[in-house]
Amino acid sequence: MLVVQKDTRTPTATLAPALSVIAAGDPVPAPTCAATDPVPGSGATRCTQLASTTVSVGGHGYTLDNETAADVAGNTSSVASQTVVIVSGTKNSDGSFSAANGVTVVAGGELYAGAAFTVNGTSAPGTTDGSAKTNTLSLSTPGTYVIGVTVPGSGGTANVTIAFTVNVVDTVPPVLTLPAPGPAEASSPAGAVVIFVATATDTVSGPVTPVCTPPSGATFALGTTTVNCSARDAAGNVSSGSFAVTVRDTTAPVFSAAPNIGPIEGNTLGGATVSYVKPSATDTVSGSVPVTCSPASGSVFAVGATTVTCTATDGALNTATKTFQVTVRDTTPPSLTVSANITTTATSATGAVVSYVATATDIVSGSVAPVCTPPSGATFALGTTTVACTATDGAGNISTSKSFTVTVLQPYRYNGFFSPINMGAVDSYGLNLTVNSVNGGRNVPFKWEAFDKATGAEITDPARVEIQFMTYAQFRGLFPTLPGKTPLPDRNVCADPTRVVVPISGGTGQTTSVKFSSGQFNVGVQVPAKPSLPTWNCYVGWTRIIGDPSPGLLTLFTLT
């Protein structure tokens with residue numbers, strides 16, 4: 001009996017080499033595929049190449065082969081995938097690798113996930129990247145290592161172990177740490193001493209002392225200076241860098257003392273011319289700097305306290321100010337000049353209008369208007385009047401009072417009366433105290449002389465003479481106040497005031513003709529008849545040059 005058994009056993013695809021070790025960038029060895037079938041005599045078995053796997057590591061691309069095996073019965077093996085181990089470094093003739101900057105071992109391909117690493121016989125974890133189909137181990141510490149890489153083979157049952165030595169050299173420069181100093185304030189004209197700290201650390205050499213130019217502690221000039229630093233490790237690796245040091249001048253100059261000035265007595269119009277020494281100013285960087293002050297020395301300072309402001313600016317335009325006061329006082333009174341004594345003649349019964357000039361000058365206030373009593377342009381009475389003047393300046397200083405006299409004279413001098421009219425003493429009102437007796441109704445001669453007081457010349461023109469004969473009451477009405485006197489008293493100096501006053505009829509006692517002979521004026525006055533008792537009266541006979549403000553020449557008499 002013939003029994004036919006179906007072939008269901010799968011063949012095996014084997015790649016040689018299944019695991020290759022190459023230096024980064026080297027080509028991947030082309031593998032060969034061997035197909036084996038577990039059923040003997042079943043016929044030919046062959047490998048079939050599948051789509052390849054592309055791995056990109058360190059900028060290099062690697063193409064890895066994938067194969068399967070199939071027998072005549074149509075049984076297909078598992079996929080045999082090529083795996084490559086890529087070492088960053090140079091492959092030596094003895095099969096070891098020399099790394100320039102650490103070492104990176106990459107196992108890539110379809111079987112990457114199962115890759116395992118050992119370092120000097122000790123398991124070391126790798127880093128799996130599914131998208132790149134890689135498992136990576138990195139070393140950075142210099143030394144010699146035996147690195148083992150195990151990657152499952154075809155069917156996941158075969159293991160391949162390789163061992164190699166990696167020599168790592170120090171090509172990494174130190175890490176340089178530089179400061180970022182803030183601005184430094186200048187402390188001298190040369191700038192400022194700046195201290196800074198720069199450090200460096202190397203993976204192999206540890207702390208490294210940087211070298212900087214200019215060095216810490218150097219004097220840096222105003223402005224910005226670039227400091228260049230470098231650090232070298234024991235393997236000769238050098239790192240370098242730079243930073244900026246800025247030195248600035250923000251400090252204003254310093255003034256010397258500036259004491260207040262004064263008080264100074266006013267010495268010119270408007271105040272006092274004051275000269276002073278400006279305070280000096282010194283700057284840390286610029287040294288001695290110019291100083292300007294306002295008001296300037298030599299200016300005219302007003303009375304009172306004036307603030308002087310001084311400024312100083314250094315080369316960096318930092319400005320300082322200093323103030324002090326100048327005090328001016330005015331205690332000097334004005335200088336007063338008054339008129340000399342004035343003598344003039346009366347122009348009216350009240351005297352004469354007199355104008356005069358008084359001036360005053362003050363050192364500070366200049367021209368000052370004096371105050372005089374009586375003022376210029378006033379009417380001065382007959383006789384002598386004292387004019388007192390003072391002047392006050394703007395500071396209230398009052399000058400010493402000065403005075404002069406104004407004498408107003410009667411324009412004419414009279415002599416007489418002559419006999420038979422007798423002259424006696426004159427009272428305070430200018431009335432003759434001698435009472436003459438004349439015959440009533442008679443022609444009474446009045447004789448007298450008149451002279452110009454200014455020239456002393458005798459008056460000889462009768463047309464210039466005025467003479468009147470009146471009662472005392474009439475006289476008081478004509479001259480209620482004699483020049484320079486108080487009002488005339490209401491009295492009858494030559495008769496009993498209780499008696500009846502006899503009026504003088506119209507025209508009686510008025511003179512119309514005056515003669516000049518033998519150096520005298522002469523006029524006959526027809527006096528009234530003697531009144532009958534108990535009436536009584538006192539009469540006044542008076543004469544003057546026409547225009548004379550005074551009563552001229554007076555006499556009192558009664559009728560007998």
Using side-chain heavy atoms (C-beta onward) and a distance below 4.5 Å, is [X] in contact with [Y]?
X	Y	value
V465	I546	no
C212	N228	no
L178	F196	no
D202	D170	yes
D249	D314	yes
F516	D461	no
V408	T345	no
T543	F446	no

Side-chain ([X]) to main-chain ([Y]) donor-acceptor, under 3.5 angstrom:
X	Y	value
S239	P173	no
K278	V291	yes
N397	D330	yes
S288	T282	no
T306	F301	no
S365	G394	yes
R544	D548	yes
K402	L336	yes
Y356	S376	yes
D452	E458	no

To the closest 0.5 Å, what do you measure between [atom1] ([X]) and [atom2] ([Y])?
X	Y	atom1	atom2	result
R464	I545	CZ	CD1	6.0 Å
E185	T284	CD	OG1	8.0 Å
L176	S230	CG	OG	8.0 Å
R413	F451	CZ	CZ	5.0 Å
L269	T361	CG	OG1	10.5 Å
L553	Y412	CG	OH	15.0 Å

Minimum heavy-atom separation for [X] and [Y], please, with both atom names.
X	Y	value
C310	F255	O-CZ, 3.8 Å
P333	D362	C-OD1, 3.7 Å
A234	S205	N-OG, 2.9 Å
A352	T344	CB-CG2, 4.3 Å
A252	D283	C-OD1, 3.7 Å
P214	V227	O-CG1, 3.6 Å

Exercise. Just by distance, with hydrogens left out, do T292 and T311 show a side-chain donor and acceptor under 3.5 Å apart?
Worked result: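 Yes - a donor-acceptor pair under 3.5 Å links their side chains.
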
For this session: Could you tell me whether the side chains of T555 and N436 share a donor-acceptor contact shorter than 3.5 Å?
Result: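 Their side chains do contain a donor-acceptor pair, which is all the 3.5 Å distance test asks for.
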
Exercise. What do the steps show when you test F380 against T350 for side chain to side chain contact (heavy atoms under 4.5 Å, CB included), and what is the final call?
Worked result: CA-CA 7 Å; F380 286 76; T350 57; over 6 Å; no

Exercise. Should V338 and V387 be marked as a side chain to side chain contact (heavy atoms under 4.5 Å, CB included) after you check the CA-CA gap, both sets of side-chain angles, and the distance that decides it?
Worked result: CA-CA 9 Å; V338 299; V387 179; over 6 Å; no

Problem set entry | Residue from F417, F521, F418 passing side chain to side chain contact (heavy atoms under 4.5 Å, CB included) with K447 |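 That would be F418.
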
Problem set entry | Among S299, C293, S297, side chain to side chain contact (heavy atoms under 4.5 Å, CB included) partner for V308 |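 Result: among S299, C293, S297, C293 is the only option passing the side chain to side chain contact (heavy atoms under 4.5 Å, CB included) with V308.
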
Exercise. Should the heavy atoms of other residues, nucleotides or ligands under 6.0 Å from NZ of K515 be counted, would the total exceed 12?
Worked result: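 Atom NZ in K515 is not packed in, count stays at 12 or less.
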
Problem set entry | Other residues, nucleotides, ligands: >12 heavy atoms within 6.0 Å of I195 CD1 |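 Open.
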
For this session: Just grab all the side chain to side chain donor-acceptor pair (under 3.5 Å) pairs involving residues 256-270, residues at least two apart or on different chains.
Result: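 Passing the test, one end in residues 256-270: S256-S280, E265-R329, E265-T331, E265-T332.
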
For this session: Before giving the answer on side chain to side chain contact (heavy atoms under 4.5 Å, CB included), spell out for F404 and I342 the whole-Å C-alpha distance, their side-chain angles and the decisive distance to 0.1 Å.
Result: CA-CA 8 Å; F404 61 96; I342 298 173; 4.1 Å; yes

For this session: Dump the intermediate steps for side chain to side chain contact (heavy atoms under 4.5 Å, CB included) on F475 and L554, then the final yes or no.
Result: CA-CA 10 Å; F475 175 75; L554 305 175; 3.6 Å; yes

Problem set entry | N341 and its side chain to side chain donor-acceptor pair (under 3.5 Å) partner, picked from T407, T384, T405 |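 With N341 as partner, side chain to side chain donor-acceptor pair (under 3.5 Å) holds for just one option, T405.
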
For this session: Under the side-chain hydrogen bond (donor to acceptor under 3.5 Å, both in side chains) rule, what do T313 and T319 come out as? Steps first, then yes or no, please.
Result: CA-CA 4 Å; T313 303; T319 299; 3.0 Å; yes

